[in-house]
Amino acid sequence: MSVRINQKLCNSCGNASIPKCAEVCPGDLLFKDSCTSKCRIRDQRDCWDCAACIKECPRQAIEMYLPVELGGRGATLKTLKSNKKLIWVLSKPDGKQETITI
Amino acid sequence: MDTRSRQYNLPVEMVNLSADVVIVGGGAAGCFAATSIKEADPEADVLLIEKAHIKRSGCLAAGVNAINAYLNPGETPETYLEYVKKDSAGLVRDDLVLTIGERLNSVTRKLETWGLPFVKDDSGNYRPRGKRSIEIIGESIKPVIAEALKKSGTRVLNRVVATNYILKQGRVIGVYAFSSREQKFYVISAKAVICATGGAAGIYRPNNWSARNKMWYCPFNVGTGFAMGLRAGAEMTTFEMRFIALRIKDVFSPTGTIAQGVTARQVNGWGEEYLINYGYTTPMRMYATVEENKAGRGPCYLDFTNSPDKINLSLKKAYLNMSPSIVLKWANEGVEPNNRPLEICGSEPYIVGGHGQAGYWVDTKRQSTIPGLFAAGDVAGGAPKKYVTGCFAEGEMAALAAIKYIKNLSLDIPSPQQVNEEKQRIFAPLMNEGEPAELFKERLQKIMDEYAGGISCNYELCESKLLIARKLLAELDEDIKSRMGASNLYELLQAHEVIDRVLVARALIEHLLYRKETRWPSYQERIDFPQRDDNRWMVFVNSVLDNNSGEIRILERQMEVEKNVCQD
C-alpha cells in the first residue's frame with residue numbers, strides 16, 4: 001500500500017522550508033527532492049497507509065492506492081476539505097467516482 | 001559498490017536543554033501526561049520530545065472509530081478487571097488494571113472537551129458499540145490531542161529521537177536524543193522522565209512483501225522505550241505475551257469495526273462457525289483461526305453478507321476514520337462491503353503493552369524500577385487491553401506521580417565522559433561505510449519468523465528453535481556493531497531503530513524460553529509444553545539487562561503485588 005504524489009500538482013508547498021506532507025509523515029518517508037523541487041516518497045514499501053499526507057496536502061496532489069501485490073487494480077483515494085468536513089474521493093477502476101463525507 | 005551518497009559530516013551541534021519533566025513520545029499516553037502536568041501545575045516546565053510530528057505520530061495517525069475501553073452503564077472498574085483477567089488467562093496486574101478502570105470515563109470525557117466528535121443517542125449519551133466500547137468519529141483524534149497539547153503550554157520538539165536515559169547514582173536525570181532532520185545531539189536534563197514511546201513492531205517478518213509496512217501496529221513504533229529501559233537496567237515484564245492481531249487479510253484493517261450495527265459470523269472455509277469449538281477470548285479467536293487453517297478448513301472469514309445494504313455506507317465511513325485501505329480493497333474488487341465475506345488472518349507478533357502486557361514493570365503510580373523514570377501506555381506492562389483511553393489514564397497517573405516526585409528535587413547533569421560516550425554511540429553508524437540498517441532489519445525478521453514463532457510456523461514455539469534464535473541474534477548483534485553504516489540522518493534513524501529492535505528481540509527470546517507452559521495460545525504457545533500450568537506459572541516473568549556481562553537475566557515476580565519490591 002502506498003501513496004503517489006502527482007509531480008505536476010505538487011509545488012512542495014512553495015516557499016515553506018518543510019512541505020506539509022513531509023512535516024507530518026509519521027515515518028519520515030516524504031521529502032522535497034532537491035533536483036526536482038517536488039515531494040517524493042523515499043520507499044513505496046514503507047508507507048503505513050495512514051493518509052496523514054493526503055489530508056495535509058493543500059493541492060490534493062497525493063493519492064493512496066493498493067499495490068498490485070495486494071490486488072490493486074487502479075482504485076485511488078484522495079481527500080478534500082469543505083466547511084471543516086473531510087470529504088473522501090474514491091476513484092474506482094471503471095472510472096466512476098464515489099464521494100463520502102465524514 | 002555502495003552507491004549511497006554521504007551527506008553528513010561530523011561534528012554535530014550539541015544542544016543542552018533542561019525541564020522539570022521530559023516526556024518521551026507524543027502519542028496518546030505522552031500527550032495526556034503532558035496536559036495533566038500542566039493542568040495540575042501550570043508553572044511546571046514540561047518538554048515533550050517526539051520522533052515524528054505530534055500532529056500525526058504513532059498509532060493514532062490514521063484515526064480510530066471507537067473507544068474500546070470505556071465503562072458503559074452497568075460496567076465498573078471491577079467488571080473491567082474481570083473481563084481483562086479472563087481474556088488474559090488469569091494473569092494480569094490487578095492493581096494496574098483497576099487503577100486504569102477507575103479513570104477510563106473521566107479521560108474519555110476530557111477527550112470530548114478537547115473537541116473530538118462522539119456519536120450520541122437521542123438522550124445525548126455516548127452510543128455503545130459493546131459493553132466497554134463506544135463509537136466516535138475519530139479521524140481527527142491525533143490533531144485534536146496535539147492541539148490540546150499545544151494549548152497546555154508544553155514545549156514540544158518534533159523529529160527528535162530519544163536514544164538513552166541519562167543516569168546518575170541509579171537515578172534517571174534526563175534523556176539523550178538526536179534530531180532526524182538536523183545535525184544536532186541533545187543532552188536534556190530533567191528532574192523526572194516519563195517514557196511513552198509505544199510498543200514494538202517490525203521484530204517479526206510481516207505478512208506482506210512489497211507493502212512491508214502494511215501491518216496492524218504502527219510500523220514506526222520500534223520498541224525504543226523498551227530498549228532504553230533495558231539499557232538503563234529497568235525491569236521489563238511479560239514480553240512473552242506477544243500480541244497477534246486477527247485482522248482483514250492483506251489490508252490489516254480491524255475486524256471490530258464490522259460489529260458496528262452488523263451481526264457478523266466468524267466462519268471457516270466450510271461455512272462453519274468454528275469459535276464454538278475453541279472459546280471466545282481474544283487469543284482463542286486468533287488461535288482457532290490458525291488451527292482451522294492447519295486442519296485444512298481454511299481460509300476463515302467474517303461473513304456479514306446477510307446485512308442490509310444500508311450498512312455499506314456506514315461501514316465505509318467507519319473504516320475511513322481509522323483504516324482507509326479496506327475501502328480501496330472493495331473498490332478494486334468492484335464490490336460493496338456486504339457483497340462477500342472478508343477473509344481474516346493473523347498479523348505478525350508485536351511486543352506491546354496496550355493490547356498484550358509487555359513493558360516496564362511499574363507500580364500503581366506508573367513509576368518504573370528506576371527512580372525518576374515513569375512509564376505509561378503501550379510501553380508499560382502488566383495491564384493488557386488498555387487501548388487509547390487506558391493509555392490516557394496511565395499518562396495521567398504518571399504525570400501526577402512525576403509532579404510529586406520532582407518536589408524539592410534539583411536538576412543534575414551528566415559527566416562530560418558520559419555525554420561523549422553516548423554521542424559516539426549515536427553517531428557511530430554515520431562514521432561507518434557499512435551496510436544499511438534495512439538489511440539487518442530483514443535478517444532480524446527472518447530469524448524471529450523462523451525460530452521464534454512467526455507467521456511461517458503458525459506462531460508455535462519450542463526450546464530447540466528458540467535456542468537457535470538466541471545464538472543467531474547474538475551474531476546479528478555483533479554484525480550490527482561492526483558492519484552497519486548510515487549515509488544520512490534518515491539512515492541513522494533506521495540504524496538506531498534496528499539496534500533497539502534487536503535488543504527487544506533478545507529480551508523476548510529469554511522470556512519465551514523461560515515460561516515452560518502454554519498460557520496464551522498463539523501469543524505464547526510452547527508446543528513442547530502444550531498445557532497451561534496454573535500451579536507453577538501464575539507468576540510474572542521479568543527481565544533485566546546486565547550491562548557488564550551483556551546478559552539478559554530473568555526473574556520471577558509474584559501476582560500478589562505486596563510481595564514485590566518496587567522502589568518507592
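Residue numbers begin at 1 in each chain, while the letters A, B, ... track the order of the sequences.
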Only distances under 3.5 Å count here; give the side-chain donor-acceptor pairs of residues 334-342 of chain B to other protein atoms, sequence neighbours excluded, each with its distance to 0.1 Å.
unit_1: B:Glu336; atom_1: OE1; unit_2: B:Lys316; atom_2: NZ; d: 3.0
unit_1: B:Glu336; atom_1: OE2; unit_2: B:Lys316; atom_2: NZ; d: 3.4
unit_1: B:Asn338; atom_1: OD1; unit_2: B:Asn312; atom_2: ND2; d: 3.1
unit_1: B:Asn338; atom_1: ND2; unit_2: B:Ser307; atom_2: O; d: 2.9
unit_1: B:Asn338; atom_1: ND2; unit_2: B:Asp309; atom_2: OD1; d: 2.9
unit_1: B:Asn339; atom_1: OD1; unit_2: B:Glu336; atom_2: N; d: 2.9
unit_1: B:Arg340; atom_1: NH1; unit_2: B:Glu333; atom_2: OE1; d: 3.1

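- Heavy atoms of B:Leu313 lying under 4.5 Å from chain A belong exclusively to its side chain.
- Heavy-atom distances place both the backbone and the side chain of B:Lys317 under 4.5 Å from chain A.
- Across every non-hydrogen atom of B:Phe252 and B:Cys345, the tightest pair is CZ-SG, 4.0 Å.
- Residues of residues 28-40 of chain A having a heavy atom under 4.5 Å from any heavy atom of chain B, listed by number: A:Asp28, A:Leu29.
- Electrostatic pairing of A:Glu23 and B:Arg181 does not count as a salt bridge here, judged by no charged N lying under 4.0 Å from a carboxylate O.
- When B:Arg159, B:His53, B:Glu50 are compared by the number of non-hydrogen pairs under 4.5 Å with chain A, B:Arg159 comes out ahead.
- Residue contact with chain B, scored on non-hydrogen atoms closer than 4.5 Å, involves the side chain of A:Leu90 exclusively.
- Both the backbone and the side chain of B:Lys329 have a heavy atom closer than 4.5 Å to some heavy atom of chain A.
- Contacts with chain A were tallied for B:Ser140, B:Gly58, B:Ala61, B:Cys218; B:Cys218 has the most, counting heavy-atom pairs under 4.5 Å.
- Considering only heavy-atom pairs separated by less than 4.5 Å from chain B, the leading option among A:Ala75, A:Gly74, A:Ala52 is A:Ala75.
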Requested in this report: Decide yes or no on salt bridge (Lys or Arg N to Asp or Glu O under 4.0 Å) for A:Glu56 and B:Arg56, but give the supporting numbers first.
Outcome: CA-CA 10 Å; A:Glu56 207 65 30; B:Arg56 289 282 181 185; 5.1 Å; no
**Report entry** Steps toward side chain to side chain donor-acceptor pair (under 3.5 Å) verdict (B:Tyr350, B:Asn221)
**Finding:** CA-CA 10 Å; B:Tyr350 306 103; B:Asn221 286 9; over 6 Å; no
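- The part of B:Ile137 that comes within reach of chain A is its side chain, from C-beta onward, which places non-hydrogen atoms under 4.5 angstrom from that chain.
- Judged by distance alone, the side chain of B:Asn65 and the main-chain N or O of B:Ala318 form a donor-acceptor pair under 3.5 Å.
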Residues 78-87 of chain A side chain polar contacts: donor-acceptor under 3.5 Å, at least two apart:
unit_1: A:Lys78; atom_1: NZ; unit_2: A:Gln60; atom_2: O; d: 2.9
unit_1: A:Thr79; atom_1: OG1; unit_2: A:Ile54; atom_2: O; d: 3.4
unit_1: A:Lys81; atom_1: NZ; unit_2: A:Lys55; atom_2: O; d: 3.4

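- For chain A, no part of B:Trp330 is nearby; none of its heavy atoms comes within less than 4.5 Å.
- In terms of heavy-atom pairs under 4.5 Å with chain A, the best-connected choice from B:Ala52, B:Ser57, B:Pro324 is B:Pro324.
- Scanning both residues, A:Ala51 and A:Trp88, for their nearest heavy atoms gives CB-CH2, 3.9 Å.
- Screening residues 202-212 of chain B for salt bridge (Lys or Arg N to Asp or Glu O under 4.0 Å), with sequence neighbours left out, gives A:Asp43-B:Arg212, A:Asp46-B:Arg212, B:Arg205-B:Asp449, B:Arg212-B:Glu438, B:Arg212-B:Glu442.
- In summary, the side chains of A:Tyr65 and A:Gln44 do present a donor paired with an acceptor at a separation below 3.5 Å, with no hydrogens or angles considered.
- In this structure, chain A has heavy atoms under 4.5 Å from both the backbone and the side chain of B:Ser180.
- The two residues B:Pro254 and B:Arg247 have their closest heavy-atom pair at CA-CD, 3.3 Å.
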